[in-house]
Amino acid sequence: GGSRRAFGGLVGQYRPHAVRFAQSLVHGGFYAEDIEQDSFARLWLHLSRFTPGTSFKSWLFTIIRNRCIDFLRAKKTEATLPEDWDLPGGAEPQQTLAQKEDWQELHAQLSQLPGDARTALYLFAAEELSYQEIGRVLGKDALQIKTLIYRSRKKLQQKGAYGQDG
């Protein structure tokens with residue numbers, strides 16, 4: 001009924017973000033899409049656990065992150081961005097190419113950071129989550145996230161990988 005349609009709307013709204021986030025953590029677009037689909041299935045099964053008034057996106061990203069960790073443990077592989085990955089959605093070819101180059105640059109920068117630092121900076125820079133929302137994803141408080149992002153930016157700036165204006 002109505003809740004199924006509403007959930008379908010959420011899937012449509014958050015799917016591109018979910019796939020990109022999973023791609024930032026695991027190797028291969030197919031794996032990321034499987035994790036994204038599995039994560040939405042888990043959300044549907046556990047929808048009653050969602051607390052109204054909290055961020056759906058941070059709840060979704062927490063589930064995706066956990067599924068990616070499980071996947072990486074099972075595969076014991078290093079997370080890299082495949083050369084031929086595609087951005088979800090129906091963008092124009094020139095726009096898609098520019099976005100793909102931007103995402104590849106972001107991934108190259110983030111790959112220089114350890115796990116939680118990489119995830120926090122990705123969620124902040126690419127998904128525009130707040131410190132509180134990132135904290136819910138990573139199980140930390142907002143001050144810890146703010147410090148983690150600050151230190152991550154500084155580390156990348158020292159390596160010349162992160163713009164001074166970023």
Side-chain angles (χ1 to χ4, degrees), residues 2-47 49-72 75 77-113 115-138 145 149 152-153 156 162-163 166:
S3 63
R4 190 169 284 180
R5 276 193 296 277
F7 187 76
L10 288 172
V11 171
Q13 179 181 352
Y14 289 108
R15 184 179 186 278
H17 302 281
V19 171
R20 281 195 304 262
F21 181 51
Q23 285 174 333
S24 77
L25 298 175
V26 300
H27 176 74
F30 293 118
Y31 297 129
E33 289 178 13
D34 286 349
I35 290 168
E36 169 261 329
Q37 290 172 5
D38 180 62
S39 297
F40 277 115
R42 286 174 183 268
L43 280 174
W44 176 253
L45 291 173
H46 302 290
L47 204 52
R49 295 182 187 171
F50 179 69
T51 306
T54 61
S55 171
F56 178 82
K57 192 173 186 179
S58 64
W59 189 45
L60 169 64
F61 280 17
T62 300
I63 291 171
I64 292 169
R65 178 178 177 265
N66 291 339
R67 300 302 301 144
C68 288
I69 289 169
D70 292 345
F71 170 80
L72 291 172
K75 294 291 183 184
T77 183
E78 185 160 326
T80 58
L81 185 64
E83 292 293 323
D84 61 344
W85 74 286
D86 291 322
L87 289 169
E92 293 296 317
Q94 292 84 1
Q95 181 185 2
T96 301
L97 181 60
Q99 288 176 332
K100 188 173 181 178
E101 289 171 356
D102 288 347
W103 284 111
Q104 287 174 331
E105 176 63 25
L106 177 63
H107 178 75
Q109 292 175 8
L110 293 176
S111 68
Q112 300 177 44
L113 297 171
D116 280 355
R118 177 176 54 241
T119 301
L121 194 53
Y122 172 85
L123 292 174
F124 184 78
E127 297 298 334
E128 300 177 350
L129 265 65
S130 69
Y131 296 135
Q132 292 80 13
E133 290 171 319
I134 297 167
R136 283 194 286 276
V137 172
L138 296 177
I145 296 300
I149 290 172
S152 299
R153 284 178 160 173
L156 291 176
Y162 195 81

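Annotation for His17 and Tyr122: closest pair O-OH, 4.4 Å, computed over non-hydrogen atoms. Leu60 approaches Tyr14 most closely through the heavy-atom pair CD2-CB, 3.7 Å. Heavy-atom minimum distance, Ala18 versus Ile64: CB-CD1, 3.4 Å. Heavy-atom minimum distance, Leu138 versus Ala120: CD1-CB, 3.8 Å. Residues Ser152 and Ala117 approach most closely at OG-CB, 3.2 Å, considering heavy atoms. Summarising the geometry of Leu113 relative to Arg118, their closest heavy-atom pair is O-NH1, 2.9 Å, with the distance given to 0.1 Å.
To the nearest 0.5 Å, the span separating CZ on Arg42 from CD on Gln37 amounts to 13.5 Å. Atom CD1 of Ile149 is separated from atom CG of Asp116 by 11.5 Å, given to the nearest 0.5 angstrom. Put simply, SG on Cys68 and CZ on Arg65 are 9.5 Å apart, with the number rounded to the nearest 0.5 Å. From Phe50, atom CZ reaches atom CG of Leu10 across 8.0 Å, with rounding to the nearest 0.5 Å. Distance check: Leu121 CG to Ile145 CD1 gives 11.0 Å after rounding to the nearest 0.5 Å. One finds the CD atom of Glu133 at 11.0 Å from the CD atom of Glu128 (value rounded to the nearest 0.5 Å).
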Begin with the C-alpha distance, continue with both residues' side-chain angles, and end with the deciding distance and a verdict on side chain to side chain contact (heavy atoms under 4.5 Å, CB included) for Phe56 and Gln13.
CA-CA 11 Å; Phe56 178 82; Gln13 179 181 352; over 6 Å; no
Taking it one step at a time, do Trp59 and Leu43 satisfy side chain to side chain contact (heavy atoms under 4.5 Å, CB included)?
CA-CA 9 Å; Trp59 189 45; Leu43 280 174; 3.1 Å; yes
May I have the step-by-step check of side chain to side chain contact (heavy atoms under 4.5 Å, CB included) for Trp44 and Val11, ending in yes or no?
CA-CA 10 Å; Trp44 176 253; Val11 171; over 6 Å; no
I'd like to know whether Thr119 forms a side chain to side chain contact (heavy atoms under 4.5 Å, CB included) with Phe21, so could you lay out the CA-CA distance, the side-chain angles of the two residues, the decisive distance to 0.1 Å, and finally the verdict.
CA-CA 9 Å; Thr119 301; Phe21 181 51; 3.9 Å; yes
Checking Glu127 against Lys57 for the salt bridge (charged side-chain N to carboxylate O under 4.0 Å, His left out) test, could you report, in this order, the C-alpha distance in whole Å, the side-chain angles of both residues, the deciding distance, and whether it holds?
CA-CA 9 Å; Glu127 297 298 334; Lys57 192 173 186 179; 3.1 Å; yes
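Checked against side chain to side chain contact (heavy atoms under 4.5 Å, CB included), Gln132 has the following partners two or more places apart in sequence or in another chain: Ser130, Arg136, Ala142. Taking Asp70 as the reference, Arg67 meet the side-chain hydrogen bond (donor to acceptor under 3.5 Å, both in side chains) condition, with sequence neighbours excluded.
No option in Leu25, Ile63, Asn66, Val26 other than Val26 meets the side chain to side chain contact (heavy atoms under 4.5 Å, CB included) test with Ile35.
Ring orientation note: the planes of Phe7 and Phe40 are nearly perpendicular, at an angle over 60° on the 30°/60° scale.
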